[in-house]
Amino acid sequence: QHVLPMRETADLGARPVCQLHSLYILAQLRTGFVVIDQQRAHERIVYERAMRSLEKGQGASQAQLFPVSIELNAADHALLMGILPELTAMGFQLEPLSGRSLAVNGLPTDSGDEDPVKLIEQLLEQVKNERGTLKAERHATLARGMARSLANNSGKQLGSAEMHDLIDRLFACEMPYFTPGGKPVLITYTLQELDERFERG
């Protein structure tokens, strides 16, 4: 795994890019090229944005044009009410109704056209799968859950501007090389490696 020097990442967004099977982005480097897993890149971007929102206690939200209500079982309702401040910090606008129902009035801006009910159910499932007791762990767990739920770029056709935007946002991250779970986001190939594969003298 090569860490890209600043001079490579600084103007990466201005270099030629192409998409491979709607899964990977290939971008030219001065010394070779980089292959970026677009879903994992999106996951890293969403994770870091969610962590910043949790640390600040405030995240960008977009109002639902048509608010929807969600009915939860007792365990899920108790879990959600316990993490409601964090969900609000990430940009969710949730209003408790009677019983175990909630109105979803707004979602984080990252969520796009995601189904609100599905998003909340996925997030609760992620939290249940890895419940941390410390506040810092809880923040990381929620941010990871958010990232996994929203990282839906796999198989999505992206235009040139969208690819450049994803690359720019990825390299603005503190840790662009790995997902929150530690999997590689990108792989670099040098011209020297290609020369060796082609058995150039």
Side-chain angles (χ1 to χ4, degrees), residues 1-56 59-60 62 90-91 107-115 118-119 122-123 126 129-130 139-201:
Q1 176 63 48
H2 304 290
V3 174
L4 295 176
M6 185 65 76
R7 68 177 185 279
E8 289 280 25
T9 60
D11 60 349
L12 191 56
R15 302 220 188 110
V17 293
C18 70
Q19 194 178 29
L20 191 64
H21 299 295
S22 298
L23 298 171
Y24 301 101
I25 296 169
L26 276 64
Q28 185 179 310
L29 301 172
R30 294 178 190 183
T31 56
F33 66 97
V34 61
V35 183
I36 298 168
D37 183 313
Q38 62 191 48
Q39 177 167 345
R40 290 183 182 177
H42 191 209
E43 190 178 332
R44 168 49 69 177
I45 292 162
V46 174
Y47 172 78
E48 291 204 9
R49 190 171 295 173
M51 282 297 283
R52 283 196 300 273
S53 296
L54 287 164
E55 284 160 13
K56 288 192 303 184
Q62 58 187 22
M90 288 197 298
L107 292 176
T109 50
D110 279 322
S111 54
D113 55 0
E114 194 78 25
D115 175 12
K118 184 181 167 193
L119 178 56
Q122 284 178 330
L123 198 48
Q126 294 280 357
N129 286 344
E130 46 171 313
H139 279 188
T141 298
L142 278 164
R144 269 197 305 272
M146 185 77 167
R148 286 181 190 145
S149 299
L150 292 181
N152 51 11
N153 261 347
S154 186
K156 186 179 176 185
Q157 193 75 36
L158 300 177
S160 179
E162 290 174 300
M163 285 189 271
H164 282 301
D165 178 58
L166 190 72
I167 289 169
D168 288 344
R169 287 188 293 147
L170 175 64
F171 284 102
C173 290
E174 287 180 22
M175 180 59 70
Y177 299 98
F178 297 97
T179 66
K183 292 180 179 174
V185 171
L186 58 91
I187 298 170
T188 58
Y189 294 89
T190 64
L191 288 174
Q192 185 181 344
E193 286 174 275
L194 290 178
D195 287 344
E196 286 170 5
R197 291 292 299 273
F198 279 104
E199 299 177 10
R200 290 181 186 271

Distance from [X] atom [atom1] to [Y] atom [atom2], nearest 0.5 Å?
X	Y	atom1	atom2	result
H139	L54	NE2	CG	5.0 Å
Q19	K156	CD	NZ	10.0 Å
S22	Q39	OG	CD	12.5 Å
L150	E114	CG	CD	5.5 Å
T190	E196	OG1	CD	7.0 Å
Q28	C18	CD	SG	10.0 Å

Please walk me through it: do T31 and L191 pass side-chain contact (heavy atoms from CB on, under 4.5 Å)? CA-CA 6 Å; T31 56; L191 288 174; 5.8 Å; no

Establish, from distance only, whether the side-chain atoms of Q62 and T109 form a donor-acceptor pair under 3.5 Å.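 No, because no side-chain N or O of Q62 sits under 3.5 Å from a partner of the opposite role on T109.
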
So, do [X] and [Y] sit near enough that their side-chain heavy atoms are less than 4.5 Å apart?
X	Y	answer
M90	L123	yes
D37	Y24	yes
Y47	R144	yes
E48	M175	yes
I45	L166	yes
R169	C173	no

For [X], check side-chain hydrogen bond (donor to acceptor under 3.5 Å, both in side chains) against everything at least two apart and list the hits.
X	value
Q122	none
D110	R49
D115	none
R148	Q126, E130

Could you pull out the closest heavy-atom pair between S53 and G59, with the gap in Å?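 Closest approach of S53 to G59: OG-CA, 3.5 Å.
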
Any idea which heavy atoms bring S149 and G145 closest together, and the distance?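 Taking S149 first and G145 second, the nearest heavy atoms are OG-O, 2.8 Å.
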
Out of M163, H164, E162, which one pairs with I25 under the side-chain contact (heavy atoms from CB on, under 4.5 Å) rule? M163

Quick check on side-chain contact (heavy atoms from CB on, under 4.5 Å): which of V17, L186, L23, I187 does I36 satisfy it with?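 Passing option: L186.
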
Residue list, salt bridge (Lys or Arg N to Asp or Glu O under 4.0 Å) with R197, at least two apart or on another chain: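 Salt bridge (Lys or Arg N to Asp or Glu O under 4.0 Å) check on R197 returns nothing, list empty.
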
Salt bridge (Lys or Arg N to Asp or Glu O under 4.0 Å) with D195: which residues, sequence neighbours excluded?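 With neighbours one apart ignored, the set is R200.
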
Can you check side-chain contact (heavy atoms from CB on, under 4.5 Å) on Q38 and H42, steps first, answer last? CA-CA 6 Å; Q38 62 191 48; H42 191 209; over 6 Å; no

Parallel, tilted or perpendicular: which one describes the rings of F171 and Y177, with boundaries at 30° and 60°? perpendicular

Verify, without hydrogens or angle tests, whether E43 (side chain) and A147 (backbone) share a donor-acceptor contact under 3.5 angstrom. no

